[in-house]
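As the structure lists them, so they are numbered: ligands from 1, and atoms in each ligand from 1. Both backbone and side-chain heavy atoms feed into the values below; hydrogens, waters and symmetry mates do not.
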Amino acid sequence: MPEDTPNPFTFDIQFGENITLSSYDNHIVRHLSNMRGQFLDSEAYQRMLDEDDRLLYEVYEIHRPEVPGELLHGISIVHPGKVGDEYYMTKGHFHTVLDTAEVYYCLRGRGFMVMENPQGNWSVEPLRPQSVLYVPPCWAHRTVNTSAEEDLVTFFVYPGDAGHDYGSIEKQGYRKLVVERDGTPAIVDNPRWLPPEKR
Ligand SMILES: [Fe+2]
């Protein structure tokens with residue numbers, strides 16, 4: 001056993017008006033300005049940004065060493081809202097160590113996990129309270145909040161050495177977008193997306 005192995009520990013997920021952790025090490029915030037180029041409607045994006053650089057999502061993390069035997073975990077909170085008709089979402093990423101998986105447990109809200117793999121296959125799974133989502137190795141993943149008023153809150157766990165690769169999916173976005181059509185969420189093709197052989 002490595003000498004720096006920590007003692008076991010416990011913390012609570014506190015359910016109040018907001019869902020919080022009783023202890024955490026990092027609080028990451030992502031504002032609209034951090035999402036340039038991510039939403040399809042760039043004019044709506046710029047109009048909103050000129051008004052206010054609002055908060056789109058937050059992550060509270062428990063710090064663990066980024067090594068294979070560890071598990072990184074915490075909660076992700078995506079706030080409700082839209083840019084044009086596209087719902088607020090996380091940037092999303094592949095893991096740098098591509099063949100590493102992740103588990104999400106939905107605590108509150110409603111939305112989707114939008115996923116795709118390097119071969120261009122896609123999957124969009126619903127998230128609702130008490131649902132557990134397994135993201136297999138090699139699948140990029142992004143959380144989308146489709147509620148008009150409620151946060152989408154998930155607890156996540158992934159391997160310590162996984163890392164985050166934002167760049168490769170950032171250029172053209174995901175194959176599928178989640179937008180509002182006639183008042184309800186719809187999964188539509190991303191017109192900017194190109195199949196792997198055409199990139
Ligand atoms: Fe991940």
Please determine whether a side-chain nitrogen of the Lys or Arg among [X] and [Y] lies less than 4.0 Å from a carboxylate oxygen of the Asp or Glu.
X	Y	result
Glu51	Arg54	yes
Glu150	Arg110	no
Asp151	Arg108	no

Side-chain donor-acceptor pairs under 3.5 Å in residues 178-187, sequence neighbours left out?
| residue | atom | partner | partner atom | Å |
| --- | --- | --- | --- | --- |
| Glu180 | OE1 | Lys82 | NZ | 2.9 |
| Arg181 | NH1 | Asp85 | OD2 | 2.6 |
| Thr184 | OG1 | Arg181 | O | 3.2 |

Could you tell me which residues satisfy ring-ring contact (aromatic ring centres under 6.0 Å, His included) with Tyr60, sequence neighbours excluded, listed by chain and number?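 Testing Tyr60 for ring-ring contact (aromatic ring centres under 6.0 Å, His included), a comparison that skips the adjacent residues, returns Tyr24, His27.
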Any pair with a residue in residues 162-194 that passes ring pair (Phe, Tyr, Trp, His ring centres under 6.0 Å), sequence neighbours left out, goes on the list, sorted by first then second residue, please.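 Only His93-His164, His93-Tyr166, Tyr158-His164, His164-Tyr166 qualify under ring pair (Phe, Tyr, Trp, His ring centres under 6.0 Å).
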Measure distances from the Fe ion (ligand 1) and count the protein N, O or S atoms below 2.8 Å.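 That number is 4, waters not included.
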